[in-house]
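So the structure is just underneath, and the comments pick up after that.
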Amino acid sequence: MKRLLKPSASGSVLFLLCLMYLITYIDRVNIATAAEPIRKEFRLTDTQLGLAFSAFGYAYLLLQVFGGWIADRFGPRKTLTISGVIWAGSTILTGAATGLWSLFSARVLLGIGEGATFPTATRAMSNWVPAKKRGYAQGVTHSFARIGNAVAPPLVVALMAWTGWRGSFVALGIVSLVWVAIWAYYFRDDPRQHAGCTQDEIATLPAYRGGMAQRPRTPWGPLTRRMIPVIVVYFCYGWTLWLYLTWLPQFLLRSFGLNLKRSALFSMGVFFAGVVGDTLGGLISDSILHRTGNVVRARSHLVFVSLVGSLLCLIPVLFVHNIYWIALCLSGAFFFLELTIGPIWAIPMDIAPAYSGTASGLMNSGSALAAIVSPLVFGIIIDRTHNWSLPFIGSIGLLGLGAILSFWMRPEKRLEVAAAEEVGRRGAA
């Protein structure tokens, strides 16, 4: 009976990764909820606030590919431990900011700390999650990210009421350090070296890839060419995501005259729609793959449906001015947007399982670029037009472009390891 109740080692690892996604997203979006007191204290314009929002994306973009490469070379245990210390420290330092540029610097440091986290998590999953559950694993971990989005507004409001906006960042940074300590103690790169992993469990897991003695030469050229369509689609997804993550509380606060508490509650409701979308996206993708054996339907076609659904839900935002209808439309759009996550994050593992950290880093660089451009453009548009609905026009256009390009992702065409390594050797010769 005790054995039945004891969680599996792989289940515990997946839960730890879920907590990481939750904590990292709270740490990256907490500034959106604290933006109003920060804006007033530092006397920032919307353009300057948008610049502060975008600071995270600069280092985050640079660390995507490099961070994935580090995870492939040195393993998820070391990579996430070091990354976690950096992102926790930067969260604490945000609470010590004295103006725009110190705030900007702290957010850049946060981007450095979090830049390698998702590619590294994908690398960990490639060894700890069976191939038939990849969509589910990506969906459920990202659903915890959206739980982080959902709980961040009321959590940060409560912390600000207790300790002020500076104290809220310090408290969240300390929580991050606790996760880092648990991860470093519990996780092992190779499941076969984990004391809690049984032989029956190991038999269900894929062959271990990427020990220090088994470093594959990264086939940068072939891998990048295969990932370009996925990168562009993920940029189109990321553009709208980062509008939500950075400007949603301000949009509700200033466009509809809500107070900070009501804005936080409406934001939480919208983000919880993403939790459902993330979870269902992974389950639906794996179900399609199991029933049909067709990875294109399970990945590319589901991404197409998701992006089109999000586009259609956003269109009324341009014309409707009732807060409840706006919240419903934004929730529907975010649900469909997040339905994309399970299938699209499984694609790097489908295309290049031996280089899944690097491949997912390449893909996530699309969203990282959007993290820079999208919040800044939103702030500039608001400063110049004072029209809070106008930036969503760009989202509608890019979601349409992403839906079209989803047919070029080709997850069924795996990058052959032997051929790729041969290309890499020739390039290095």
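Counting begins at 1 with the first residue of the sequence. Hydrogens, waters and symmetry mates are skipped; everything else that's a heavy atom, side chains included, is used.
Here the straight-line distance linking atom CZ of R77 with atom OH of Y185 works out to 10.5 Å at 0.5 Å rounding. Here K261 contributes atom NZ and L253 contributes atom CG; the two are 14.0 Å apart, rounded to the nearest 0.5 Å. Distance check: I382 CD1 to Q250 CD gives 10.0 Å after rounding to the nearest 0.5 Å. From L405, atom CG reaches atom CZ of F235 across 12.0 Å, with rounding to the nearest 0.5 Å. Note that CG of L337 is 11.0 Å distant from SG of C236, once rounded to the nearest 0.5 Å. Of the inter-residue distances, the one linking W87 atom CH2 with E114 atom CD reads 6.5 Å to the nearest 0.5 angstrom.
Contact annotation: the side chain of W247 approaches that of L49 to within less than 4.5 Å [non-hydrogen atoms, C-beta and beyond]. Within the 4.5 Å cutoff, no side-chain heavy atoms of V230 are placed close to those of L362. The side-chain heavy atoms of H194 and Y186, taken from C-beta on, include a pair separated by under 4.5 Å.
Pairing each heavy atom of N127 with each of D189, the nearest pair is ND2-O, 3.9 Å. The two residues L376 and L51 come nearest to each other via the heavy atoms CD1-N, 3.8 Å. Minimum interatomic distance between A333 and C313 (heavy atoms only, all atoms of both residues): N-CB, 3.4 Å. Across all their heavy atoms, A71 and R123 have their closest contact at O-CG, 3.9 Å. The heavy-atom pair separating A403 from V308 by the smallest distance is CB-CG2, 3.8 Å.
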When you look at L19 and W183, which way does the side-chain contact (heavy atoms from CB on, under 4.5 Å) test go after all the steps? CA-CA 10 Å; L19 288 180; W183 173 263; over 6 Å; no

Test ring-ring contact (aromatic ring centres under 6.0 Å, His included) on F378 and W388; report intermediate values, then the result. CA-CA 9 Å; F378 197 115; W388 284 82; 5.8 Å; yes

Start with the C-alpha distance between L318 and I396, add both sets of side-chain angles, then the distance that settles side-chain contact (heavy atoms from CB on, under 4.5 Å), and finish with yes or no. CA-CA 10 Å; L318 303 177; I396 292 169; 3.8 Å; yes

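For the pair R28 and F118, the distance from NZ or CZ to the six-membered ring centre is under 6.0 Å and the angle to the ring normal is within 45 degrees. Seen from the ring of F104, R107 does not count as a face-on cation partner, given the 6.0 Å and 45° thresholds.
Proximity of a side-chain donor or acceptor of R226 to a complementary backbone N or O of K413 within less than 3.5 Å is detected. S285 contributes a side-chain N or O that, together with a main-chain N or O of A298, makes up a donor-acceptor pair within less than 3.5 Å. Formation of a donor-acceptor pair under 3.5 Å by the T24 side chain with backbone atoms of Y21 is found in this model. A side-chain donor-acceptor contact under 3.5 Å links T246 to the backbone of W242. Listed for the W345 side chain is no donor-acceptor partner under 3.5 Å among the backbone atoms of S360. The closest donor-acceptor contact from the side chain of S168 to the backbone of W165 lies under 3.5 Å. Put simply, the side chain of T79 never gets that close to the backbone of P76: no donor and acceptor are under 3.5 Å apart. Between the side chain of H142 and the main chain of G274, no donor-acceptor pair closer than 3.5 Å is present. Within the 3.5 Å criterion, the main-chain N or O of L14 finds no donor-acceptor partner in the side chain of W128. Without hydrogens or angle criteria, S263 side chain to P249 main chain gives a donor-acceptor distance under 3.5 Å.
Side-chain contact check for W220 and Y355: no donor-acceptor pair (N or O, by modelled atom type) lies under 3.5 Å.
The environment of CZ in F15 is sparse: at most 12 heavy-atom neighbours from other residues, nucleotides or ligands sit within 6.0 Å. Environment of CZ in R297: sparse, with no more than 12 heavy atoms of neighbouring residues, nucleotides or ligands closer than 6.0 Å.
We find that R291 and D286 are not joined by a salt bridge, their nearest charged nitrogen and carboxylate oxygen being 4.0 Å or further apart.
No option in I347, V303, I344 other than I344 meets the side chain to side chain contact (heavy atoms under 4.5 Å, CB included) test with Y234.
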